[in-house]
Amino acid sequence: MIKAVRGMKDILPEEIPLWQKVEETARDVFETYLYHEIRTPILEPTELFSRSIGEATDIVEKEMYTFEDSHQQLSMRPENTAGVVRALIENRLQDLRGSQRYYYIGPMFRRERPQKGRFRQFHQIGVEAFGDAGPYVDAEIIQMLARFFRRLGIDAYEVRINSLGCRSCRPLYIEKLRAAMDAASATLCEDCQRRRDKNPLRVFDCKTDQEQLASFPVITDNLCAACQEHFDGFLSSLKKMAIPSIVYPSLVRGLDYYTRTTFEFVSTSDALGSQNSLLGGGRYDGLVQVLDGPVLCGIGFALGVERLIMALPDVLQEAPLCYYVAHIENEGFARALTLAERLRDHGVAVAVGNPLKAIKAQFKEADKMGATTVFVIGPDEAKQGVVTIKDMKTGEQRSVPESEVMADITERA
RNA sequence: GUGAGCGUAGCUCAAUCUGGUAGAGCACUGGACUGUGGAUCCAGUCGUUGUGGGUUCAAUUCCCAUCGCUCACCCCA
């Protein structure tokens, strides 16, 4: 048997309504903040990702699906900020009037070991806003997300925020942090020894070295004046919007391009496993230039649709109306076909019974597919030009002239 | 990439410890009910026990390998 590849899942019809609800809500909410949809290719030159995300990150180092196509290295996108920035530069979107605000919905690919809430093909809904340098837009994005979550009925989450500084203050801070790590070196775990060189900010995630961490310097105490001002503006905007958030000086993003504001929404529901981060994002003021574009700042986030759906509250989905035409003998079958087509002309979803099945089996089938109403057409009905209509919930039956069936069911719907 | 757990019917699982020709519930199909679903009863279909090898008179059971799934670490949405 040929099976789906590891970490890639079918999304079956029964869960599609949830996906559609999430996507619809996102479009709806984001459009009211003047974001517009953009669709970019899944395949991009590998270099787009290595330059933006960072050569030394796990994503670029070992998680991309990459292959060569006529002497060019191509990769399936592991995220979509780089793709949107590329599209912006290539199409000179920054020269258009108005602000450049985009959202996208689509599959991403990372070759990681699958686990709960983590897949090799997963889906992200993301937003990117370009050209707005002030901290107000940072807060507005959080506000928009809060609205989006409210609309979906998700309230078991917390908002974590931080500032990563900029190209002038972050390197100074990292040196300071490394010095502190070196001083404590002897007592640090293996993982932390490795993090020291590769990604020192990650030490704060360590589960074993908590005691030492408490004395390490934190980034929020080491911001330059401009970054501090930006962060203060961000915090005060959130306050004006009455959005509760928690400052996590240890909050780091895994991609190199982030500067200043970073944030994450973490689910506090136990429906998710240990991968409980619903979305992550932040400001990337240098990224457009890194990709040979103009001087243009940006901020955005990406949220994981699979995780979001796991965090969705259970609500009963009402079954859609569905009709079934059961029939007896050839003449009944012929009339059933005609009736079904007439109903479909009016947009009604209707199935016709299998002519090889006895009336009893047709009813069973109607019940199984969840038909709310069954029409019966047999010799008796044919003779009188009527249709027997049975309500499957109450079991009541009535006889209606063939020409009045549509009027009858719309009246009762 | 590392670690742990698990692979038996379409699904959920038993039998594995203590080796002896694989079983239940659900689902499915048909009948009781010849023009009416859901409830009940009866009958029927369903397996290369993930795969390959080893030990044994005999392996679903013990051993080795391999593949797959799941969860966790790393890291991330």
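Values below: all heavy atoms of this structure, side chains included; hydrogens, waters and symmetry mates excluded. So that the names make sense, note that chain A is the first sequence line, chain B the second, and so on, each numbered from 1.
- Distance noted for atom P between rU49(B) and rG20(B): 16 Å (whole Å).
- For Arg147(A), there are no salt bridge (charged side-chain N to carboxylate O under 4.0 Å, His left out) partners, not counting sequence neighbours.
- As rounded to the nearest Å, rC57(B) and rG52(B) have C1' atoms that lie 23 Å from one another.
- As judged by a 4.0 angstrom heavy-atom cut-off over every strand, Lys62(A) is placed among residues making no nucleic acid contact.
- Using atom C1' as the reference point in both rC11(B) and rA4(B), the two lie 26 Å apart (nearest Å).
- For the atom pair CZ (Arg86(A)) and CG (Asp292(A)), the distance works out to 12.5 Å, reported to the nearest 0.5 Å.
- Sparse packing is recorded around CG of Asn330(A), with 12 or fewer heavy atoms of other residues, nucleotides or ligands lying under 6.0 Å away.
- Residue contacts shown for Arg110(A) include a base, since a base heavy atom lies under 4.0 Å away.
- Under 4.0 angstrom from either OP1 or OP2 of rG35(B) there lies no side-chain N or O belonging to Lys360(A).
- Within 4.0 Å (heavy atoms only), Lys9(A) reaches sugar-phosphate atoms of the nucleic acid but no base atom.
- Between the side chains of Tyr103(A) and Glu128(A), no donor N or O sits under 3.5 Å from an acceptor N or O.
- Within a heavy-atom distance below 4.0 Å of RNA chain B, the residues of residues 297-307 of chain A found are Ala302(A), Gly304(A), Arg307(A).
- Using modelled atom types, one finds no donor on one side chain facing an acceptor on the other under 3.5 Å when comparing Thr57(A) with Asp256(A).
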Can you give each donor-acceptor pair under 3.5 Å made by side-chain atoms of residues 106-114 of chain A, sequence neighbours left out, with the distance rounded to 0.1 Å?
from: Arg110(A); atom 1: NE; to: Pro78(A); atom 2: O; distance (Å): 2.8
from: Arg110(A); atom 1: NH2; to: Pro78(A); atom 2: O; distance (Å): 3.0

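- If you check every strand for non-hydrogen atoms under 4.0 Å, Arg111(A) touches nothing.
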Return all side-chain donor-acceptor pairs below 3.5 angstrom for residues 242-254 of chain A, not counting sequence neighbours, or 'none' if the list is empty.
from: Tyr248(A); atom 1: OH; to: Arg160(A); atom 2: NH2; distance (Å): 3.4
from: Arg253(A); atom 1: NH2; to: Glu264(A); atom 2: OE1; distance (Å): 2.4

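- On the P atoms, rG31(B) is 12 Å away from rG37(B), given to the nearest whole Å.
- Here Gln362(A) lies out of heavy-atom contact (under 4.0 Å) with every strand.
- A close approach under 4.0 Å does occur between a side-chain nitrogen or oxygen of Gln115(A) and OP1 or OP2 of rC73(B).
- rC13(B) and rA27(B): their C1' atoms are spaced 14 Å apart (whole Å).
- For the C1' atom pair drawn from rG53(B) and rG47(B), the interatomic distance equals 22 Å after rounding to whole Å.
- Each of Glu381(A) and Ala361(A) was assigned the nucleotide of RNA chain B with the nearest heavy atom; the assignment lying further toward the 5' end belongs to Ala361(A).
- When heavy atoms are screened at a 4.0 angstrom cut-off, Gly395(A) is found touching base atoms of the nucleic acid.
- Nearest heavy-atom pair, Phe231(A) versus Asn162(A), reported as atom, atom and distance to 0.1 Å: CE1-C, 3.7 Å.
- Within 4.0 Å of Leu308(A), counting heavy atoms only, lies no atom of the nucleic acid at all.
- Shown for residues 156-165 of chain A: no residue has heavy atoms falling under 4.0 angstrom of RNA chain B.
- In this structure, Leu287(A) and Asp285(A) have side chains that are not in contact, with every pair of non-hydrogen atoms separated by 4.5 Å or more.
- Nearest to the side-chain atoms of Arg195(A) among the listed nucleotides rG35(B), rA77(B), rC74(B) stands rC74(B).
- Across all strands, Glu79(A) comes closer than 4.0 Å to no nucleic acid atom at all (heavy-atom distances).
- Other residues, nucleotides and ligands contribute more than 12 heavy atoms inside 6.0 Å of the NZ atom of Lys198(A).
- Listed candidates were rC74(B), rG68(B), rG35(B). Nearest to the side chain of Arg118(A) is rC74(B).
- The aromatic ring centroids of Phe149(A) and Phe265(A) lie less than 6.0 Å from each other.
- Counting non-hydrogen atoms under 4.0 angstrom, Asp380(A) reaches a base of the nucleic acid.
- Residue-environment remark: CZ (Arg39(A)) stays at or below the threshold of 12 foreign heavy atoms within 6.0 Å.
- Residues Lys116(A) and Arg113(A) each lie close to RNA chain B; by heavy-atom proximity, the contact nearer the 5' end of the strand is made by Arg113(A).
- RNA chain B forms stems at B:1-7 with B:67-73, B:10-13 with B:23-26, B:28-32 with B:40-44, B:50-54 with B:62-66, each a run of 3 or more consecutive Watson-Crick or G-U wobble pairs whose two key distances fall under 3.5 Å.
- A distance of about 27 Å separates the P atoms of rG35(B) and rC42(B), rounded to the whole Å.
- OP1 or OP2 of rU29(B) has at least one side-chain nitrogen or oxygen of Lys368(A) nearer than 4.0 Å.
- Residue contacts for Leu255(A): at a heavy-atom cut-off of 4.0 Å it reaches the sugar-phosphate backbone alone, with no base atom in range.
- Contact annotation for Leu279(A): backbone-only contact, meaning every heavy-atom pair under 4.0 Å involves sugar-phosphate atoms and none involves a base.
- Of the N and O atoms on the side chains of Glu365(A) and Tyr324(A), at least one donor lies less than 3.5 Å from an acceptor on the other residue.
- Here Lys364(A) lies in heavy-atom contact (under 4.0 Å) with sugar-phosphate atoms only.
- For the pair Arg6(A) and rC69(B), the criterion of a side-chain N or O lying under 4.0 Å from OP1 or OP2 is met.
- Ring planes of Tyr35(A) and Phe30(A): perpendicular class, angle over 60° (limits at 30 and 60°).
- Using C1' as the reference atom, rG7(B) and rA15(B) are 16 Å apart when rounded to the nearest Å.
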